[in-house]
Amino acid sequence: MFYHVKELQFKARVSRPDVRFARLLLEQFGGGNGELKAAMQYFVQAFGCRNPYPEKYDMLMDIATEELGHLEIVGATIQMLLAGVNGDLKDAAERFSAPMDKASKEDFIHTGTNPQFFVLTGGGPRLTDSNGVPWMGSYVNANSDLTVDLRSDIAAESRAKIVYEYLMQFTDDPDVLATLNFLMTREVAHFQQFEAALETIKPNFPPGVLQSDPRYSNLYYNTSRGEDARGPWNEGESTGLGEQWQYIDDPLEHVRQTDGLTDLEPEGTERTLSSVKKADRQLSRERSKEVSSATPEANLQWDKRGDEGEWHSTRREKVPVQ
């Protein structure tokens with residue numbers, strides 16, 4: 001159950017209107033890395049872990065709800081940056097009697113102002129990015145596997161953070177900068193929360209269940225010619241599986257010598273095909289049991305209601321029925 005409190009989480013202010021920056025800020029309102037994308041992504045992801053992982057459901061719903069509050073902050077800031085536009089448009093008779101001349105139209109086109117503010121929204125935000133591309137549900141990543149979803153969320157927070165960082169280069173309004181700084185910093189907080197949640201899942205690498213084929217998991221192919229670089233991504237121990245990277249300097253010859261990589265044995269790793277199959281079966285049973293045992297197949301009920309007409313929220317708090 002949602003309810004709205006008519007106060008912003010952060011005291012958003014604007015020193016002066018700025019129609020051009022309002023257009024840029026739309027990126028965090030209806031863009032692919034914006035607040036609505038984040039809210040909907042975490043909201044949708046939460047449903048799949050409601051029964052087997054209620055603590056993750058709680059976290060995802062908490063952060064999704066905060067992101068909706070951030071969407072409100074961004075929308076309110078855009079509206080304040082557009083102060084005066086709607087009032088001018090309402091003076092319709094005066095404007096129609098004095099149309100824009102050619103020079104004014106050219107100035108309007110080249111200022112970077114979003115024309116949708118004037119001809120569609122009447123001086124308010126629209127659910128698009130800064131170029132007018134509408135928000136899309138395909139921005140949302142949800143795969144019903146927390147080892148995948150939480151990594152998507154960490155990446156989402158990273159992208160949102162850098163967008164705010166870039167936006168801060170395009171305004172000198174101290175009040176707007178304060179709002180952007182708050183929103184940027186909350187992305188950092190969420191990054192750490194998702195990272196901590198991922199670390200509670202063991203094992204969490206590789207993402208998903210199947211543990212990957214040891215014949216190919218530590219091969220690095222030098223597929224570009226020129227000045228080559230070496231580093232921990234192609235030499236030494238791999239970060240996730242603890243295998244030794246095998247540097248393949250001539251990928252074409254390697255493919256030919258191994259009959260298209262079918263005649264190949266694992267090297268630089270203690271993992272074997274049989275040990276991986278054993279691990280796959282064990283983890284498959286564990287993850288399947290976690291979900292199946294927590295999810296009844298009949299007489300399902302989302303909320304746990306008490307015997308005295310009371311219901312429990314996801315945090316098991318009792319709320320009296322009105």
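Numbers here are sequence positions counted from 1.
- Annotation: K202, atom NZ; neighbour count of heavy atoms from other residues, nucleotides and ligands within 6.0 Å is above 12.
- Separation of atoms CE (M168) and CG (D173) is listed at 12.0 Å; rounding is to 0.5 Å.
- Criterion: ILVMFWY side-chain heavy atoms under 4.5 Å apart, direct or through other members. Under it, I78 and L177 are part of a common hydrophobic cluster.
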Could you give me the CA-CA distance, side-chain angles and deciding distance for I154 and H190, then say whether side chain to side chain contact (heavy atoms under 4.5 Å, CB included) is met? CA-CA 8 Å; I154 290 169; H190 295 161; over 6 Å; no
Mind running side chain to side chain contact (heavy atoms under 4.5 Å, CB included) on E290 and Y53 for me, showing each step along the way? CA-CA 9 Å; E290 286 174 357; Y53 313 109; 2.5 Å; yes
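- Taking D153 as the reference, Q41, Y42, Q45, L60, L150, F194 meet the side-chain contact (heavy atoms from CB on, under 4.5 Å) condition, with sequence neighbours excluded.
- L264 and W245 fall into different hydrophobic clusters, defined by Ile, Leu, Val, Met, Phe, Trp and Tyr side-chain heavy atoms under 4.5 Å apart, directly or through other members.
- For the pair Y216 (side chain) and L261 (backbone), a donor-acceptor distance under 3.5 Å is present.
- In this structure, Q246 contributes its side chain and Q244 its backbone to a donor-acceptor pair below 3.5 Å.
- Follow the hydrophobic side-chain contacts under 4.5 Å out from L26 and you reach Y139 in the same cluster.
- Annotation for T223 and P251: closest pair CG2-CG, 4.0 Å, computed over non-hydrogen atoms.
- Using a 4.5 Å heavy-atom threshold, the side chains of N51 and Y57 count as separate.
- The residue from E66, E35, M40 that alone fulfils the side chain to side chain contact (heavy atoms under 4.5 Å, CB included) condition with L71 is E35.
- A donor-acceptor pair under 3.5 Å is formed between the side chain of R23 and the backbone N or O of S130.
- At least one side-chain heavy atom of R271 sits less than 4.5 Å from a side-chain heavy atom of Q211.
- Side chain of D259 to backbone of T262: no donor-acceptor contact under 3.5 angstrom is found.
- When all heavy atoms of P214 and P266 are compared, the closest pair comes out as O-CB, 3.7 Å.
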Does the pair S217 and E243 meet the rule for a side chain to side chain donor-acceptor pair (under 3.5 Å), with working shown? CA-CA 8 Å; S217 56; E243 301 173 322; 2.8 Å; yes
I would like to know whether N218 and S238 meet side chain to side chain donor-acceptor pair (under 3.5 Å); could you show each step before the answer? CA-CA 7 Å; N218 62 340; S238 64; over 6 Å; no
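- Distance check: F205 CZ to L198 CG gives 11.0 Å after rounding to the nearest 0.5 Å.
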Please lay out, stage by stage, how R159 and Y164 fare under the test side chain to side chain contact (heavy atoms under 4.5 Å, CB included). CA-CA 9 Å; R159 289 190 293 269; Y164 280 121; over 6 Å; no
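- Counting only distance, with no hydrogens or angles, the side chain of D129 and the backbone of V133 share a donor-acceptor pair below 3.5 Å.
- Side chain to side chain, E235 and Y220 fail the donor-acceptor criterion of an N or O pair below 3.5 Å.
- Here the closest non-hydrogen pair linking N143 and D149 is N-OD1, 2.8 Å.
- A pairwise comparison of heavy atoms in A76 and L8 identifies CB-CD1, 4.1 Å as the closest pair.
- Taking the side chain as every heavy atom from C-beta outward, M80 and P17 never approach each other to under 4.5 Å.
- The number of heavy-atom neighbours closer than 6.0 Å to CZ of F170, taken from other residues, nucleotides and ligands shown, is 12 or below.
- One hydrophobic cluster, built from ILVMFWY side chains closer than 4.5 Å, holds both L82 and L24.
- Counting heavy atoms from C-beta outward, Q282 and K277 have side chains that stay 4.5 Å or more apart.
- The closest side-chain heavy-atom distance from T147 to R151 is below 4.5 Å.
- In the hydrophobic cluster analysis, where Ile, Leu, Val, Met, Phe, Trp and Tyr join through side-chain heavy atoms closer than 4.5 angstrom, L219 is grouped apart from L241.
- Counting only distance, with no hydrogens or angles, the side chain of W135 and the backbone of L36 share no donor-acceptor pair below 3.5 Å.
- T179 and K11 form no side-chain donor-acceptor contact under 3.5 Å, judged by distance and modelled atom types alone.
- The CD atom of Q9 sits 8.5 Å away from atom CG of L183, with the distance rounded to the nearest 0.5 Å.
- Within a 6.0 Å sphere centred on CD of E7, heavy atoms belonging to other residues, nucleotides or ligands number 12 at most.
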Let's go through K161 and E165 carefully: what are the C-alpha distance in whole Å and the side-chain angles of both, what is the deciding distance for salt bridge (Lys or Arg N to Asp or Glu O under 4.0 Å) to 0.1 Å, and is it a yes or a no? CA-CA 6 Å; K161 192 265 185 185; E165 196 170 315; 2.5 Å; yes
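- In terms of heavy atoms, A294 sits closest to P296 at O-CD, 3.6 Å.
- Note that the CD atom of E265 and the OG1 atom of T272 stand 10.0 Å from one another [nearest 0.5 Å].
- Looking only at distances, no side-chain donor or acceptor of T295 sits under 3.5 Å from a matching main-chain atom of S292.
- In this structure, the separation between CD1 on I248 and CG on N234 is 11.0 Å, given to the nearest 0.5 Å.
- Contact record, G208 with L283: O-CD2, 4.3 Å, taken as the closest heavy-atom pair.
- With values rounded to the nearest 0.5 angstrom, R287 atom CZ is found 9.0 Å from L146 atom CG.
- The six-membered or imidazole ring of H70 lies away from that of F10, with a centre-to-centre distance of 6.0 Å or more.
- A 4.5 Å side-chain heavy-atom check between E72 and H4 finds at least one atom pair inside the cut-off.
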Run the side chain to side chain donor-acceptor pair (under 3.5 Å) check on N222 and D228 step by step: do they pass? CA-CA 8 Å; N222 182 29; D228 297 327; 3.2 Å; yes
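- The side chain to side chain contact (heavy atoms under 4.5 Å, CB included) with F21 is formed by just one residue from the set D172, T77, V176; it is V176.
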Show your reasoning for whether side chain to side chain contact (heavy atoms under 4.5 Å, CB included) applies to E253 and Q257. CA-CA 6 Å; E253 184 63 23; Q257 288 181 354; 3.0 Å; yes
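- Under the 30°/60° scheme for interplanar angles, the aromatic rings of F43 and F2 are found to be tilted.
- In this structure a side-chain-to-backbone donor-acceptor pair under 3.5 Å is present from R50 to W302.
- A 4.5 Å side-chain heavy-atom check between V188 and E157 finds every atom pair outside the cut-off.
- Contact annotation: the side chain of L25 approaches that of V74 to within less than 4.5 Å [non-hydrogen atoms, C-beta and beyond].
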